[in-house]
2 protein chains.
Amino acid sequence: MSGDVRRQPAEKPSTPVVAPTSPAVPERMATMMDVAKLAGVSHQTVSRVLNDQAKVSPQTRTRVLDAMRQLDYQPNSAARALVTRRSKTLGLVTFDTTLFGPASMVYGIEQAARDAGYFVSIASIRTLSRRAVLDAIGQLRLQSVEGIVAIVPKDSAVVALSAVPPGIALVGVGVGGGADVPMVGVDNVVGAALATRHLLSLGHKTVHHISGPPGWPEARERATGWREALTAYAAPAPPVLVGDWSARSGYLAAQRLAGDPTVTAVFCANDQMALGALRALHEVGRRVPADVSVVGFDDVPEGPYLIPPLTTVQQDFAEVGRRSLALLMEQIATGARPHRQIHLTPQLKVRDSSARAVA
Amino acid sequence: MSGDVRRQPAEKPSTPVVAPTSPAVPERMATMMDVAKLAGVSHQTVSRVLNDQAKVSPQTRTRVLDAMRQLDYQPNSAARALVTRRSKTLGLVTFDTTLFGPASMVYGIEQAARDAGYFVSIASIRTLSRRAVLDAIGQLRLQSVEGIVAIVPKDSAVVALSAVPPGIALVGVGVGGGADVPMVGVDNVVGAALATRHLLSLGHKTVHHISGPPGWPEARERATGWREALTAYAAPAPPVLVGDWSARSGYLAAQRLAGDPTVTAVFCANDQMALGALRALHEVGRRVPADVSVVGFDDVPEGPYLIPPLTTVQQDFAEVGRRSLALLMEQIATGARPHRQIHLTPQLKVRDSSARAVA
DNA sequence: CTGTTAGCGCATTCAA
DNA sequence: TTGAATGCGCTAACAG
């Protein structure tokens, strides 16, 4: 055997051995062997105190622990992953983490994952195309993630999920009820109905809807909930104004509504669009809620400080994160991919932007 | 040698070999050896086509490539990392990715990292305490990340960065000029001065300031820029109202200003607080910008749709992300940790919330 | 251009 | 309770 000391370069022995820039800093991380040597045990024993917690005498354990500390020992995750075939990392595919919803979920998932002893590797995509999603998943698989949570709330992206080999644990978030992968999301139909009924019960003859863009399950489901509530109240369903989730689109859509004095209630598919709508209404002098009531969806932190404070539908994003993780863990544990769909019930937050219709 | 086929369990040969749930799905991923065998070459050659791109005849290469495809071969990252000592992953420590700023930077960094062929592993922390930061970094180190970007814009967290062993590449984002680690951030002093001078040049006698919370470098620097601009104009410096970045705190602070008719201009340390201030002003009937001008900082996407559209200081978060990554890459390449500080110059976005002071 | 031989650092049998 | 082998899948020297 070649002994135990760090190998010195055989050729060019004239070059100084110590690195010139960082004196006294060990170039190589300490290995389990180093710890073992220092503690006077075999590397096996070190491994045991690292994992088992058992079958090691208290004395040796402390000796080993000391040695670890002394060497600032960091277990090599690659080596461990290689032999255990478990990377202890999860993959997260997300779209535009700049938005409040996705960002909150990422946060929730990440927290839950770390609590469960998992690392999380993120792959944000620029577009929700099938290809982008598949690429991201490919990246994550390269990294040997044990499972993937995909926050890709668009049809084109959802279909990509179906193409993921069944061997890998997978959860879709906000991908709608139509997906054939395990999913968790808020019950958008219920949420939208909640908002619409609230408005209807306030005496409004009908409720107008500024929706999310086509091809987004959540947009579709919210429109459905809105329509169902209208039907339940036997109220006429005005044509939907299509937005794209942005404040700007809400603003533009509401401008078209603002001129019509019969419009007294508007349900927007998210808070950003509601914010834009508030602005459009304000511009033409229609007061909220005196003349028109507005309701949003999401409950962004700024909601209570808009002019006026926004009535909205609250989603528990953190809970969505936790549930996704639980669902993923279940798959990892069982090795199967059950066709489960978890729908969380949202809540209506009534604030000042909605009020009784003027008779 | 023990042959080449997948081992079958020696004991209990009666149990069916195929997994009951997922038929025809290979239990184990294909290895390089499998590919080699199928292609009729050595595993080394497979490795070569995987990395080198060179020294392989076109024919063998295509044969190997075919075999890979056929087997849906995924290189084992753990094995590769073990031998190359490079994980190809970066760590990201962030605080509250729900906020627009951090979220945008995470996005920017992640994109840049992937373009550079790196994976990114995220660790969000709940509090910006020294301990939380150190824990997160510890987690990331366990994962053998090659470098860490820490978005921890608070003093208590910044000091923790100094404690990180010099062996590991590290970049602080938005940690202020006082940090002794490489950092990148926007030039807050300049940005705040820009906003304040804008207001002053509009004829306002002075500018009030709603600041970020104590202990945040960015809050401090923005206050400094504001004060410097005031001094430059020989304007009196009113007492600072301290907020906590939230819309609520901006609202509360502005309420105290709103009653004072001499207040004609307010510079808020971020857009959320400005939003709250807008609301407070509106409540007491003070018109913006006719009576009071308001300027924010960050340029959130909703800014143009507030009532009124918000004048603000725009930061290029994506660029911050890119620069952080570049700085990190430089460290990884050189092995040194240069004491570099990169300050990006922000821009003033003038919209409707600021106007000439009434004479 | 291609194959052979060694480990990378660790966990998992086995023996002692 | 501990130590000695073996191999995870791959890349890095070497040969040929």
Side-chain angles (χ1 to χ4, degrees), chain A residues 1-7 9-11 26-37 39-64 68 71 73-88 141-144, chain B residues 1-4 6-7 9-11 26-64 68 71 73-88 141-144:
Chain A
M1 281 295 110
S2 68
D4 51 2
V5 235
R6 306 282 154 67
R7 288 178 296 248
E11 57 280 3
E27 271 310 307
R28 254 177 45 182
M29 292 283 275
T31 81
M32 195 170 260
M33 274 300 278
D34 299 326
V35 175
K37 222 162 295 165
V41 297
S42 77
H43 79 263
Q44 259 11 301
T45 305
V46 177
S47 173
R48 275 192 267 266
V49 337
L50 209 56
N51 305 322
D52 287 344
Q53 316 283 51
K55 312 280 192 175
V56 179
S57 80
Q59 317 182 27
T60 20
R61 150 159 299 135
T62 48
R63 276 226 310 290
V64 169
M68 286 184 177
L71 264 41
Y73 170 70
Q74 301 272 124
N76 181 317
S77 56
R80 179 179 285 186
L82 180 57
V83 64
T84 60
R85 299 165 173 290
R86 310 209 50 188
S87 61
K88 276 293 179 185
R141 291 224 298 159
L142 268 185
Q143 227 177 137
S144 319
Chain B
M1 280 296 110
S2 67
D4 52 1
R6 307 283 153 64
R7 288 178 295 247
E11 57 279 4
E27 270 311 306
R28 255 178 43 181
M29 292 281 277
T31 82
M32 195 169 261
M33 273 300 278
D34 298 328
V35 176
K37 222 160 295 166
L38 205 161
V41 298
S42 77
H43 77 260
Q44 192 46 245
T45 304
V46 177
S47 172
R48 275 193 268 263
V49 337
L50 208 56
N51 306 320
D52 288 344
Q53 315 283 52
K55 311 280 191 177
V56 178
S57 82
Q59 316 183 28
T60 22
R61 150 159 300 135
T62 47
R63 274 226 311 288
V64 169
M68 286 184 177
L71 266 40
Y73 170 69
Q74 301 273 124
N76 181 315
S77 56
R80 179 179 286 184
L82 181 58
V83 63
T84 60
R85 301 164 173 290
R86 309 210 51 189
S87 62
K88 275 293 180 185
R141 290 224 299 158
L142 269 184
Q143 226 176 140
S144 319

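These numbers come from the heavy atoms of this one structure, side chains and all, not from hydrogens, waters or symmetry mates. Lettering of chains follows the sequences in order, A, B, ..., and the numbering in each one begins at 1.
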Presence of A/T31 side-chain N/O under 4.0 Å of C/dG9 phosphate oxygens OP1/OP2: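 Result: no.
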
Counting only side-chain N and O atoms of A/N51, is one of them less than 4.0 Å from OP1 or OP2 of C/dA11?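 The answer is yes; a side-chain N or O of A/N51 sits under 4.0 Å from OP1 or OP2.
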
For atom [atom1] of [X] and atom [atom2] of [N], their distance in whole Å:
X      : N      : atom1 : atom2 : answer
A/M33  : D/dA5  : CE    : P     : 12 Å
B/R85  : C/dC10 : CZ    : C1'   : 13 Å
B/D34  : D/dC10 : CG    : C1'   : 13 Å
B/R61  : C/dC1  : CZ    : C1'   : 11 Å
B/Q59  : C/dT2  : CD    : C1'   : 13 Å
B/L142 : C/dC10 : CG    : C1'   : 14 Å
A/L82  : C/dC8  : CG    : C1'   : 9 Å
A/R86  : C/dT12 : CZ    : P     : 11 Å

Check side-chain contact (heavy atoms from CB on, under 4.5 Å) between A/T60 and all other residues, then give those that pass, not counting sequence neighbours.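 A/T60: side-chain contact (heavy atoms from CB on, under 4.5 Å) contacts with A/V41, A/V56, A/S57, A/R63.
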
Can you list everything that forms a side-chain hydrogen bond (donor to acceptor under 3.5 Å, both in side chains) with [X]? Sequence neighbours excluded, please.
X     : result
A/T84 : none
B/S87 : none
B/S42 : B/T45

Heavy-atom pair of closest approach, residues B/L82 and A/A79: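 Heavy atoms only, the tightest pair is CD1-CB, 3.6 Å.
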
Sub-4.5 Å side-chain heavy-atom contact between [X] and [Y]:
X     : Y     : result
A/V64 : A/R48 : no
B/H43 : B/T31 : no
A/Y73 : A/L50 : yes

Roughly how far apart are B/N76 CG and A/R85 CZ, rounded to 0.5 Å?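 If we round to the nearest 0.5 Å, B/N76:CG and A/R85:CZ are 8.0 Å apart.
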
How long is the straight-line distance from CD of A/Q74 back to CE of A/M68, given to the nearest 0.5 Å?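 It comes to 11.0 Å.
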
On DNA chain C, check which nucleotide each of B/A79 and A/T84 is closest to and give me the residue with the more 5' one.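 Final value for this comparison: B/A79.
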
[X] side chain: which of [options] is closest?
X     : options               : result
B/S57 : C/dC1, D/dC10, D/dT2  : C/dC1
B/S47 : D/dT11, D/dG9, C/dA11 : D/dT11
A/T60 : D/dG9, D/dT2, C/dT12  : D/dT2
B/N76 : D/dT11, C/dC10, D/dG9 : D/dG9

Quantify the bending of the helix from C/dC1-D/dG16 to C/dA16-D/dT1 as the angle between its end axes, each fitted on five pairs, to 10°.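 Between the axes fitted at each end of the helix from C/dC1-D/dG16 to C/dA16-D/dT1 lies an angle of 30°.
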
Please tabulate the protein-to-nucleotide N/O contacts below 3.5 Å involving nucleotides 3-6 of chain C, giving atom names and distances.
residue: C/dG3; atom: OP2; partner: B/S42; partner atom: N; Å: 3.0
residue: C/dG3; atom: OP2; partner: B/S42; partner atom: OG; Å: 3.3
residue: C/dG3; atom: OP2; partner: B/T45; partner atom: OG1; Å: 2.6
residue: C/dG3; atom: N7; partner: B/R48; partner atom: NH2; Å: 2.6
residue: C/dG3; atom: O6; partner: B/R48; partner atom: NH1; Å: 3.3
residue: C/dT4; atom: O4; partner: B/Q44; partner atom: NE2; Å: 3.3

